[in-house]
Amino acid sequence: MEKFQNIIRQITYLGFFLVAMFAVKSFHDAVPDKIYVKMGEELSYDFDVPVSMVLKEESKEVFETHTGSFDGAGEEYPSYTVTCKLFGIFPVKDVEVMLVEPESVYVNGMPIGIYVKTQGVLIIGTGEVETKSSGSIKPAENLVKKGDYIVSINGEKVEEKEELVEKINEFGQQKEVLGVIRDDEYIEVSVMPAKSSSGKYMLGIWVRDDLAGVGTLTYYKQDGNYGALGHAVSDGETGTIMDMEQGWIYHTNIIGIRKGENGNPGELSGVIEYRKNACLGTVEKNTPLGIYGKLDGNLDYLPLGKSYEVTYKQDIHTGTAYVLSAISGETKSYEITIESLDYSDMEENKGILFKVTDPELLELTGGIVQGMSGSPIIQNGKIIGAVTHVFVSDSTRGYGIFIEKMLKN
């Protein structure tokens with residue numbers, strides 16, 4: 001009998017151990033690898049999982065020296081390490097805690113027009129050239145790819161599609177060597193142009209050298225630096241992040257809203273005023289986490305935003321929050337429900353999953369529509385993130401990026 005009880009006890013212990021190890025693995029991604037804590041504040045967190053954090057022995061000196069105050073003079077922000085433990089027992093992972101100064105940004109949810117020019121000429125596809133002698137041919141098929149950037153032809157620099165067309169005809173019916181950037185690597189591709197039935201020489205490629213659209217200004221700072229969109233400006237045909245040479249943001253008037261439906265995301269229609277005095281500033285960086293630049297244009301078009309303190313991801317919780325948007329002509333707060341938070345960094349601009357619950361916004365847009373990307377997300381009177389994506393299958397649900405991701409980019 002005692003032997004049987006020992007076997008049962010061992011099986012119970014083994015089962016408990018396996019369950020605990022499974023829980024540790026499952027909760028690993030439920031806790032971020034790095035978190036930011038404001039100087040002078042204690043580490044707090046709301047991860048919706050039963051974990052606690054214990055200071056590592058080697059971090060005690062940094063913790064005791066810098067958590068009270070820090071002037072930052074000539075010194076990088078300090079950090080210390082804590083061990084995250086499940087049920088206070090099982091180590092899940094080590095988390096780096098970065099001590100930072102409190103930060104606030106200005107927010108107004110204002111739609112903006114975005115115009116960028118590419119670094120080179122972007123290929124969006126290949127096609128046929130109709131010739132008099134040979135019928136329809138495809139000179140560039142299997143030689144160039146969607147997403148390639150043409151930067152030269154026969155050694156001569158090319159910046160705009162008009163230049164490309166001129167040089168193709170200038171060189172005439174001889175094999176032309178295209179200098180191409182593909183996946184950040186420079187290569188050369190030889191293409192034999194075809195003389196079209198109109199008498200012009202063509203390579204049978206579809207190209208563009210600029211892109212325009214509507215988005216939302218997420219935040220701006222007192223020095224004029226801003227962030228917008230929460231994702232990159234990408235070409236709709238190829239999905240390629242635009243390799244940008246230069247860009248600007250403009251005042252825009254929203255003239256129409258196509259409501260989102262299941263399987264068909266809605267869209268804002270805006271008139272972008274491409275006038276110098278309607279330019280708000282420059283676009284200096286186009287990144288997977290948003291566009292960034294400087295407000296240095298006519299700011300009479302920029303309504304004064306309210307200052308919001310930045311909240312970091314460990315203090316965000318599921319439940320009620322608000323999206324700020326001025327698509328109706330004035331900045332309004334629309335209620336949403338945060339359904340879950342993802343700290344895994346698998347998709348950096350999809351950390352916040354939410355559902356639109358506000359009746360006014362649902363009536364106006366059907367939920368989240370294209371052009372609302374960058375709309376600030378507010379919780380407990382602080383900015384926590386920005387809208388980035390809408391579910392194609394359900395326009396009432398969307399993703400957001402943690403504001404710390406945009407600010408630390």
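Heavy-atom basis, side chains included; hydrogens, waters and symmetry copies ignored.
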If we only count heavy atoms from C-beta on, is the L164 to I205 side-chain gap below 4.5 Å? yes
L302 vs N108 side-chain heavy atoms within contact, under 4.5 Å: yes
Between T252 (side chain only) and V271 (backbone N and O only), is there a donor and an acceptor less than 3.5 Å apart? yes
Test log, rule salt bridge (charged side-chain N to carboxylate O under 4.0 Å, His left out), inputs E284 and K294: CA-CA 8 Å; E284 296 172 6; K294 189 89 168 180; over 6 Å; no
Can you tell me which residue among M98, E404, K313, K408 is in a side-chain contact (heavy atoms from CB on, under 4.5 Å) with K34? M98
Test salt bridge (charged side-chain N to carboxylate O under 4.0 Å, His left out) on E339 and K355 and set out the steps. CA-CA 7 Å; E339 296 184 328; K355 183 178 181 67; 5.6 Å; no
Flag, side chain of N286 to backbone of M242, donor-acceptor distance under 3.5 Å: yes
Strictly distance-based, threshold 3.5 Å: is any side-chain N or O of N154 a donor or acceptor partner for the main-chain N or O of E176? no
Can you tell me how far the CD1 atom of I137 sits from the CE atom of M192, to the nearest 0.5 Å? 10.0 Å
Between I153 and F171, does a side-chain contact (heavy atoms from CB on, under 4.5 Å) hold up when you go through it step by step? CA-CA 9 Å; I153 180 168; F171 289 118; 4.2 Å; yes
Apply ring-ring contact (aromatic ring centres under 6.0 Å, His included) to the pair F391 and Y399, showing each step before the final yes or no. CA-CA 8 Å; F391 278 48; Y399 285 111; 5.1 Å; yes
Check: R397 and L353 side chains under 4.5 Å, non-hydrogen atoms: yes
How far apart are the C-alpha atoms of I316 and F402, what are their side-chain angles, what is the distance that settles it, and do they pass the side-chain contact (heavy atoms from CB on, under 4.5 Å) test? CA-CA 9 Å; I316 303 171; F402 295 121; 3.7 Å; yes
Is there a donor-acceptor pair under 3.5 Å between the side chain of N169 and the backbone N or O of Y201? yes
Atom pair CG (L407) and OH (Y312), whose distance is rounded to the nearest 0.5 Å: 7.0 Å
What's the verdict on salt bridge (charged side-chain N to carboxylate O under 4.0 Å, His left out) for E309 and K38, showing C-alpha distance, side-chain angles and the deciding distance? CA-CA 11 Å; E309 186 180 347; K38 296 165 189 172; 2.6 Å; yes
Work out which heavy atom in N349 is nearest to a heavy atom in P288; give both atom names and the distance. ND2-O, 3.1 Å
Check whether any side-chain heavy atom of V369 lies under 4.5 Å from a side-chain heavy atom of V390, and answer yes or no. no
Please check: side-chain N/O of D148 versus main-chain N/O of K145, any donor-acceptor pairing under 3.5 Å? yes
Residues in salt bridge (charged side-chain N to carboxylate O under 4.0 Å, His left out) contact with D94, at least two apart in sequence or another chain: K56
Could you tell me whether the side chains of Y220 and Q222 share a donor-acceptor contact shorter than 3.5 Å? no
Does any non-hydrogen side-chain atom of E160 lie less than 4.5 Å from one of K117? yes
Worked verdict on K161 versus E163 for salt bridge (charged side-chain N to carboxylate O under 4.0 Å, His left out): CA-CA 5 Å; K161 58 188 179 185; E163 285 183 304; over 6 Å; no
The side-chain contact (heavy atoms from CB on, under 4.5 Å) partner of I377 among I403, I383, I336 is I336
Applying ring-ring contact (aromatic ring centres under 6.0 Å, His included) to Y115 and Y250, what does each step give before you reach the verdict? CA-CA 8 Å; Y115 177 75; Y250 292 87; 7.2 Å; no
Would you say that V180 contacts Y186 through its side chain, given a criterion of any heavy-atom pair below 4.5 Å between the two side chains? no
Answer yes or no: is there a donor N or O on one side and an acceptor on the other, between the side chain of T118 and the main chain of E245, under 3.5 Å? no
Out of curiosity, W248 CH2 to L280 CG, how far, rounded to the nearest 0.5 Å? 14.0 Å
Approximate separation, where rounding is to 0.5 Å, of L178 CG and S190 OG: 8.0 Å
Rounded to the nearest 0.5 Å, how far apart are OH of Y36 and OG of S79? 10.5 Å
Of the non-hydrogen atoms in Y301 and A278, which two are nearest, and what is the gap between them? CE1-CA, 3.7 Å
Within-4.5 Å side-chain heavy-atom neighbours: I378 and S333: no
Are there over 12 heavy-atom neighbours, none belonging to D223, within less than 6.0 Å of that residue's CG? yes
Over all atoms of both residues, closest heavy-atom pair of Y292 and L289: OH-O, 3.5 Å
Just wondering, more than 12 heavy atoms not from K195 lying within 6.0 Å of its NZ? no
Step-by-step side-chain contact (heavy atoms from CB on, under 4.5 Å) determination, L295 to I249: CA-CA 9 Å; L295 298 175; I249 59 172; 3.8 Å; yes
Looking only at atom types and distance, does a side-chain atom of T218 sit under 3.5 Å from a main-chain N or O of G374, one as donor and one as acceptor? yes
For residues 359-368, run the donor-acceptor check on the side chains, cut-off 3.5 Å, and write out each pair with its distance to 0.1 Å, sequence neighbours left out.
residue, atom, partner, partner atom, Å
E360, OE2, K332, NZ, 2.8
T365, OG1, L361, O, 3.0
T365, OG1, G367, N, 3.1
T365, OG1, G367, O, 2.5

Is there a side-chain contact between P265 and S395, using heavy atoms and a 4.5 Å cut-off? no
Both conditions, 6.0 Å and 45 degrees, for the charged tip of K221 above the ring of Y106: are they met here? no
Of all heavy-atom pairs between G127 and P139, which one has the smallest distance, and what is that distance? O-CD, 4.4 Å
Ignoring hydrogens and geometry, is there a side-chain-to-backbone donor-acceptor pair from S152 to G155 under 3.5 Å? no
Working note: M110 + T331, criterion side-chain contact (heavy atoms from CB on, under 4.5 Å); need CA distance, chi angles, decisive distance, verdict. CA-CA 7 Å; M110 176 182 171; T331 300; over 6 Å; no
Under the 3.5 angstrom rule, does the side chain of S196 hit a backbone N or O of K200 as a donor-acceptor pair? yes
Can you give me the closest heavy-atom contact between M406 and A386, atom names plus distance? SD-CB, 4.1 Å
Any ion pair linking E348 and K350 (charged N to carboxylate O, less than 4.0 Å)? no
Could you give all pairs that pass the side-chain hydrogen bond (donor to acceptor under 3.5 Å, both in side chains) test and reach residues 371-384, with sequence neighbours left out? H231-S373, H317-N380
What pair of heavy atoms forms the shortest contact from C84 to V95, and how long is it? CB-CG2, 4.4 Å
Within this structure, what is the CD1-CG distance for the pair I291 and L229, rounded to the nearest 0.5 Å? 4.5 Å
Got a donor-acceptor contact below 3.5 angstrom from the E96 side chain to the I35 backbone? no
